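One structure below.
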Amino acid sequence: MKEKIYTIPVNEAYDKDSECPLCELEKQLEYDAVKYALGPAMMEPDFRIESNEKGYCNRHFNQMFQAKNKLPLALVLETHLEELRKKVDSVEKTAKAAASQKSGLFGKGGADKSAAQISEVFKKVECECMVCKKTKATMERYIDVMLWMWANDEGFREKFDRSKGVCLRHFRELIENAPKSIKGDAGRFIAALVEKEKAELSRMQEDIHRFTLKFDYRNRDMEWGTAQDAPIRTIEKISGYITPYEDNENN
Ligand SMILES: [Zn+2]
Ligand SMILES: [Zn+2]
């Protein structure tokens with residue numbers, strides 16, 4: 001039996017009517033991680049050291065910026081900026097060396113190596129994020145547990161059959177993880193998920209088409225059916241949820 005701290009949230013996410021129950025789980029984890037970064041993390045020296053070094057991606061800085069109280073964010077930014085300035089300092093020598101390099105034959109610049117070295121340092125800055133790191137680790141557990149539940153829990157499998165599938169990113173992640181998580185049952189799961197996704201994307205196509213038809217004046221009396229929110233649901237199906245961070249607290 002898998003740990004209840006994982007099976008309960010997976011069951012609850014599948015109880016909701018959603019385009020992707022895994023996105024529902026991820027949304028909550030992301031919310032909690034952002035809230036933690038701007039609250040309790042301020043008192044955790046180890047977390048602060050790591051977050052000063054790694055920082056946050058654009059999506060998560062964006063969510064942190066939605067929080068009403070800007071002081072914790074400013075404190076995070078201040079110490080992170082210090083680390084970033086050290087990184088700029090660290091490439092200064094390479095940059096100066098580039099300035100003294102001559103162009104090669106056929107007008108090719110002599111700064112290729114320096115440019116690549118500097119770019120490497122800042123590529124790392126771009127792809128590190130404390131919220132992404134925390135969320136990813138727990139999502140891996142949820143995906144493993146969800147696959148186990150599909151293979152071992154009849155009640156859950158019925159919920160899966162009634163669900164609207166998942167977004168395309170989670171579709172790929174489930175397929176990637178199935179052989180490792182449910183071994184002998186992986187083939188059956190993959191076939192069932194692909195069938196489900198096929199049916200759900202076809203439903204989506206009908207809805208988005210119906211949405212476009214409503215803009216024709218001849219169709220003004222046509223019922224919306226389930227098409228009224230088709231653009232947002234289609235985006236969420238294709239690329240995951242886009243709900244902004246909501247600061248529910250009056251802080
Ligand atoms: Zn998803
Ligand atoms: Zn992130």
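Both ligands and their constituent atoms are indexed starting at 1 by order of listing. The shown structure was predicted, so the numbers you read here are calculated from the model rather than taken from an experiment. Basis for what follows: all heavy atoms, side chains included, without hydrogens, waters or symmetry-related copies.
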> Do the numbers put Lys133 on top of the ring of Tyr56, so that NZ or CZ is under 6.0 Å from the six-membered ring centre and no more than 45° off the axis?
Replying inline: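 Pair Lys133/Tyr56 does not count as cation-pi.
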> Hey, what's the angle at the Zn ion (ligand 1) spanning SG (Cys167) and ND1 (His170), nearest 10 degrees?
Replying inline: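 SG of Cys167, the Zn ion (ligand 1) and ND1 of His170 span an angle of about 100°.
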> Taking the Zn ion (ligand 2) as the vertex, how big is the angle to SG in Cys132 and SG in Cys57, rounded to 10°?
Replying inline: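 Nearest ten degrees: 120°.
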>> If the threshold is 4.0 Å, N to carboxylate O, is there a salt bridge linking Asp144 and Lys180?
In response: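 A salt bridge is absent here (no side-chain N lies under 4.0 Å from a carboxylate O).
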> Are any of the side-chain nitrogens in Arg85 or Glu82 under 4.0 Å away from the carboxylate oxygens of its partner?
Replying inline: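 No salt bridge links Arg85 with Glu82.
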>> From the N, O or S atoms in His60, identify the one nearest to the Zn ion (ligand 2).
In response: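 When I compare the N, O and S atoms of His60, ND1 is nearest to the Zn ion (ligand 2).
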> Under 3.5 Å, side chain of Arg233 to main-chain N/O of Ile208, donor-acceptor pair present?
Replying inline: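 Not confirmed, Arg233 side chain does not pair with Ile208 backbone.
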